[in-house]
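Right, one structure below, let's go through it.
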Amino acid sequence: MSASNNMRSAGRSRWLLRRMEPYLLLLPAMLIVLAFFAYPIVKAVQLAFMHYVLFDPSHIGYSGLDNFKALLKDANLPRILLNTLFWVVATVGLQFVLGFALALALNKKFRGKNVYQAIVFLPWAVSAFLVGMIFKWMFNQQNGLINHLLLQLGMIDKPVAFLALPHLSIIPVIIAMIWYGVPFFGIMILAALQSVPHEIHEAADIDGAGRIKQLFAITIPYIKPTLVLTLLLRVIWVFNSADLIYIMTGGGPANSSDNLPSYVFSKIGYSADYGQASALGVLMLVFLTLYTIVFLRVTKYREAGEL
Amino acid sequence: MPTAMKKKLPGLSRFVVLLLFLLGTLLPFYWMFVTSLKSRLEIYGAKLTFWPKDLTWDNYATTFQASSFPKYFANSFIVSISSGLLVLAVSILGGYALARYRFRGKGVIMLLFLATQMVPVMVMLVPLFIVFGKFELLDTLTALIITYTALNIPFCLITISGFFQRVPVALEEAAMIDGCGRLATVVRIILPIMLPGIVATFVFAFTAAWNDLFFGVMFTTSEAVKTVPVGLNSFVQKFDINWGEMSAGGVLSLIPVAILFAFIQRFIVAGLSQGAVKG
């Protein structure tokens, strides 16, 4: 009698423990995520409504909408928003097209494929700092490789300071960014292509469909969910990325190659105006939230949950 | 035989595409490598050379002897390995929970992890700077290790849970019937099966930490705690860039990640196509 009771209560506590297990296992991850993602967002929103300049510690305090009013008056901002749009569309668009071409070329066995793949995917593993420096050196006015090649081809008569051209210096940075990001799309799309069952193509072969037709009629529709998801996620990543601009042009000349995040970093680094930087950060969050709402509509959320 | 040949040899157009991508990828690396082997005179000389006339290893020697580069290198290793291991520990625990249990709030937790991927670094920099300042952790490797660990956990945890899902539950049940406890089963049977996935996840976290710039720039100021990109960057900001030494430093910093990456890139593609991304 008492033995069975004991067993029942032991079973019950074991059952309870078993129910708590997943939460206990996830606890460290959840605490870290809350501390490092949720808290900074809350704090940034708070800072956006404060006068907070690092070099002026005696005047730290709430300032209402002052930071946002200053942003509205900021003559740089329209240019920077336009740059941000151009930066995202040109980078993601070309990375996608080139990555797709690479993935199609790789979607077949050939000798040396492993070594080849290890080389063409390598840019993905390089630090943005190094990518920025290499391209800065290649686009250098004095003894830069690009200038040398263009001179040889007769396309320019004297070396051009590509990274100091007002309004155009963002283009070399975008070229570097494309080089940097093609492997990501290559890897993701190749993985998707390899998930297309062979039987479908065999059937299409028998029906006499050509390669190009198969690509557009079968392959692309089959992997479309992955393509859309990869593209949409990549937009967020590129929108948030500032390192190459910071390294190659420093946003210059005169902020003409800044995008939103690199402008935030220059606010943090040069003026140490954490309040204004946070207001800009909040602006970024608003854009990202709006984008995500559209994103979830397009992908219908469930697919996003599976990635 | 002809069909077998067709499978082995890529067609002409495929060959051209593959060749162009190879050249396009290699050119910047090649240019950095060649520059690292040139003397200062040759780099800035009137005639641009595609292979050094007087090949010299001086840039490497100076990088190692006359700068804090070895210190940066050691710091980068300490930070990347520690945060990589911490990420693995937390991700294996959480990933197992997501893969093997049904529980209330699972969907919300998944969504939360995914949402972290869109939080801009620029929004996190200042708040974390202030917090680390309060805990007197600024200018320490600890701050970097904690930050990189936190940043990489969401992605790695979801990835690892994908790897757990691919191991058949039946295998785990069989081991438990044979008298293995749950913990022993996971440690002795499941984790060894997942080893390639675990290695790939570690490399991912390692590379992300190895390559970060902005958090390092923000959190560290003294030479003793700078990582490779941060150290080289502060050098660039202060002095005229010496492209020979910069290239040598670049080549050296690339070696560890290039080796790791060569090993794991196959697993990444295989892993993704097996289930992490469902079409």
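In what follows, chains are A, B, ... by sequence order, proteins preceding strands, each numbered from 1. All of these numbers come straight from a predicted model, not from anything done at the bench.
Heavy-atom distances place the side chain of A/L130, and not its backbone, under 4.5 Å from chain B. Looking at A/V33, only its side chain comes within 4.5 Å of chain B, counting heavy atoms on both sides. Looking at A/I134, only its side chain comes within 4.5 Å of chain B, counting heavy atoms on both sides. The contact between B/V236 and chain A is made entirely by side chain atoms (from C-beta outward), counting heavy-atom distances below 4.5 Å. For chain B, the nearby parts of A/A242 are the backbone and the side chain; heavy atoms of each come within less than 4.5 Å. For chain A, the nearby part of B/I241 is the side chain; its heavy atoms alone come within less than 4.5 Å. For A/M133, the parts lying near chain B are the backbone and the side chain together; criterion is any non-hydrogen pair under 4.5 Å. Looking at A/I236, only its side chain comes within 4.5 Å of chain B, counting heavy atoms on both sides. Contact annotation for A/N143: both backbone and side-chain heavy atoms come within less than 4.5 Å of a heavy atom of chain B. A/K136 touches chain B through backbone and side chain together, each having a heavy atom under 4.5 Å away. When heavy atoms are compared at a cutoff of 4.5 Å, A/S241 does not approach chain B at all. Looking at A/N107, the atoms closer than 4.5 Å to chain B (heavy atoms on both sides) all sit in the backbone: N, CA, C or O. The parts of A/I119 that come within reach of chain B are both its backbone and its side chain, each placing non-hydrogen atoms under 4.5 angstrom from that chain. Contacts of A/I178 with chain B are absent, with no heavy-atom separation under 4.5 Å from either backbone or side chain. Only the side chain of B/T207 comes within contact range of chain A, with at least one heavy atom under 4.5 Å from a heavy atom of that chain. With a threshold of 4.5 angstrom between heavy atoms, A/V182 approaches chain B through side-chain atoms but not through N, CA, C or O. Residue contact with chain A, scored on non-hydrogen atoms closer than 4.5 Å, involves the side chain of B/P154 exclusively. Proximity to chain A is limited to the side chain of B/S253, based on heavy atoms less than 4.5 angstrom apart. Interface remark: A/F135 contributes side-chain atoms only to the contact with chain B (heavy atom separation under 4.5 Å). The contact between B/Q237 and chain A is made entirely by side chain atoms (from C-beta outward), counting heavy-atom distances below 4.5 Å.
Contact between A/L98 and B/F21 at its shortest, heavy atoms only, is O-CZ, 3.1 Å. Of all the heavy atoms in A/A105 and B/V17, the pair that sits closest is CB-CG1, 3.9 Å. Taking all atoms of both residues into account, the shortest heavy-atom contact from A/P22 to B/Y101 is CD-CD2, 3.6 Å. Taking each heavy atom of A/I32 and B/V90 in turn, the nearest pair found is CD1-CG2, 4.5 Å.
Side-chain contact between A/W179 and B/P28 is present, with at least one heavy-atom pair separated by less than 4.5 Å. A/F37 is not listed as a side-chain neighbour of B/L112, based on a closest heavy-atom distance of 4.5 Å or more. Residues A/Y116 and B/L18 have side chains in contact (heavy-atom distance under 4.5 Å, counting atoms from C-beta outward). Between A/R19 and B/F103, the closest side-chain pair of non-hydrogen atoms is not below 4.5 Å. Side-chain contact between A/F36 and B/V119: absent, with no pair of heavy atoms (C-beta onward) separated by less than 4.5 Å.
Ranked by heavy-atom pairs under 4.5 Å with chain B, the first of A/L47, A/N114, A/V264 is A/N114. The candidate with the highest count of non-hydrogen atom pairs below 4.5 Å against chain B, out of A/A29, A/P28, A/A44, A/A125, is A/A125.
Partners of B/R100 by salt bridge (Lys or Arg N to Asp or Glu O under 4.0 Å), not counting sequence neighbours, listed by chain and number: B/E172. Take A/Y246 and apply the side-chain hydrogen bond (donor to acceptor under 3.5 Å, both in side chains) test, not counting sequence neighbours, and it matches B/N233.
Aromatic ring centres of B/F214 and A/F265 lie closer together than 6.0 Å.
Ring pair A/W137/B/W243 is parallel by interplanar angle, where below 30° counts as parallel and above 60° as perpendicular.
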